[in-house]
2 protein chains.
Amino acid sequence: MASESEIHTRDRLLLEAARLFRYHGYAQTTLREIADATGIKAGSIYYHFDSKEDIIAEVLDRGIQMVGEAVRQRVDALPENATSREIIAAAIEGHLWGVLHHGDFSSANIRAYGQAPVAVKSRHRTARRAYSDYWHKLFNDAIVKGDLRKDCNLDIIQMFVLSALNWTVEWYNPQKGSLRVFVGDITKIVFDGVFERR
Amino acid sequence: MASESEIHTRDRLLLEAARLFRYHGYAQTTLREIADATGIKAGSIYYHFDSKEDIIAEVLDRGIQMVGEAVRQRVDALPENATSREIIAAAIEGHLWGVLHHGDFSSANIRAYGQAPVAVKSRHRTARRAYSDYWHKLFNDAIVKGDLRKDCNLDIIQMFVLSALNWTVEWYNPQKGSLRVFVGDITKIVFDGVFERR
DNA sequence: GTCTATACCTCGATAGAC
DNA sequence: GTCTATCGAGGTATAGAC
């Protein structure tokens, strides 16, 4: 069985790996850097992980798990009679909060996913699919209620919204305004667009 | 002066490099792969370029140049009395067309920019800034005319729209519908949002 | 569990023949 | 202009002492 300190070091390795993958990408980040940041030597990593691939795989999984939890938590907290706007607003808030405030795992998931080895991507894809299905259900409920616009393909709406939310990690600047205000602005734009009503 | 075939090989190298950077990223793409795809040996690349950095630098520059030209062309073709919606619709169409239809250079610009060496990024940043300023002028004109929503920060609107448009390269699937319809749907969503009017 | 030492490979880049 | 051959650096991963 794993000892206390083993778990500790393993988690710290994952944390530092996530941070480095987030800011420098997967291929650019070396095991020596991850080891340095954690305070151990590169060779010692192999006590905790079998390969660099296994590290990125776990970082990706944790990232999507954190975002998924943040979203579900907010949606589940709503009352039974919540409107479509309230439900999707809660999901947007959860997603942005998970991605922007919660940190390195979810950001690494967005930024480094495209750079991960194909084997890792393909294994991780089921987790992404599950999260995507969750959103699909939210949007579909809104359509059934007649709340979503009917002149656009639903898949395009969903992909556009989710990828736009994801990409905020590339440009969101917390020094230019609170996350609260930011989430509000993004929600307004997604809900009703950038133009004044005609 | 450069001979015919020199220009030819050099351009083919850039094209293959753009394609590989787009799909595999900068660090993952090796000079041997670029050479293979072009049909020459790795060492021969150095007759045309001084370093791998110089290749990505030129790929990035061409990418933003192509998109910028596509956008300006459509906006300039509009009549004097065009509305804000018509102007920004033309810019969106140009941007999406440049990014999605025009191919590997613009997509590589979006995908591989974050992975490029800092020296390259910093040199390329002025080109990005110029393109961003162009969009800023379009949005600002719309604000002056009172057409844009006033309850959101303009910088957030601009970053949201541009990054959302950029990220379509990650998920747009030409087999699921024509680019024409796609551009129309995206424009509707950006202009008026995903919800039906209240 | 972590260390040192190192094997092995692949990368970007160079040199010189053709 | 392109080739072959190769260098030096730095990467992942392994072996065995502690």
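All chains are named by letter (A, B, ...) in the order of the sequence lines, taking the proteins before the strands, and each is independently numbered beginning at 1.
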Can you tell me the distance, in whole Å, between the [atom1] atom of [X] and the [atom2] atom of [N]?
X: D54(B); N: dG12(C); atom1: CG; atom2: C1'; value: 13 Å
X: R12(A); N: dG1(C); atom1: CZ; atom2: P; value: 13 Å
X: I34(A); N: dG10(D); atom1: CD1; atom2: C1'; value: 15 Å
X: L31(B); N: dG12(C); atom1: CG; atom2: P; value: 4 Å
X: E33(B); N: dC11(C); atom1: CD; atom2: P; value: 7 Å
X: Y47(A); N: dA17(D); atom1: OH; atom2: C1'; value: 16 Å
X: I40(B); N: dT4(D); atom1: CD1; atom2: C1'; value: 14 Å
X: I45(B); N: dC11(C); atom1: CD1; atom2: P; value: 12 Å

Is the closest basic N to carboxylate O distance between [X] and [Y] below 4.0 Å?
X: E86(A); Y: R74(A); answer: no
X: E69(A); Y: R72(A); answer: no
X: D151(B); Y: R149(B); answer: yes

Legend entry - Aromatic ring pairing Y131(A)/H95(A), orientation class (parallel under 30°, perpendicular over 60°, tilted between):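 The rings of Y131(A) and H95(A) lie parallel, inter-plane angle below 30°.
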If only side-chain N and O atoms of [X] are considered, is one of them under 4.0 Å from the OP1 or OP2 phosphate oxygen of [N]?
X: Y46(B); N: dT14(C); answer: no
X: H48(A); N: dT2(C); answer: yes
X: K41(A); N: dT2(C); answer: no
X: T30(B); N: dT10(C); answer: no
X: T9(B); N: dT2(D); answer: yes

Inset, instruction - Go through dT12(D), dT2(C), dG12(C) for me and flag the one nearest to the S44(A) side chain. - result: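 Nearest listed nucleotide: dT2(C).
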Inset, instruction - Among dA13(C), dT4(C), dT2(D), find the nucleotide with the atom closest to the side chain of R32(B). - result: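 In terms of side-chain proximity for R32(B), the closest of dA13(C), dT4(C), dT2(D) is dA13(C).
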Inset, instruction - Mind checking the OG1-OH spacing from T9(B) to Y47(B)? Nearest 0.5 Å is all I need. - result: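 Answer rounded to 0.5 Å: 9.5 Å.
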Inset, instruction - Answer with base, sugar-phosphate or nothing: what part of the nucleic acid does T38(A) contact at a heavy-atom distance below 4.0 Å? - result: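 Result for T38(A) = nothing.
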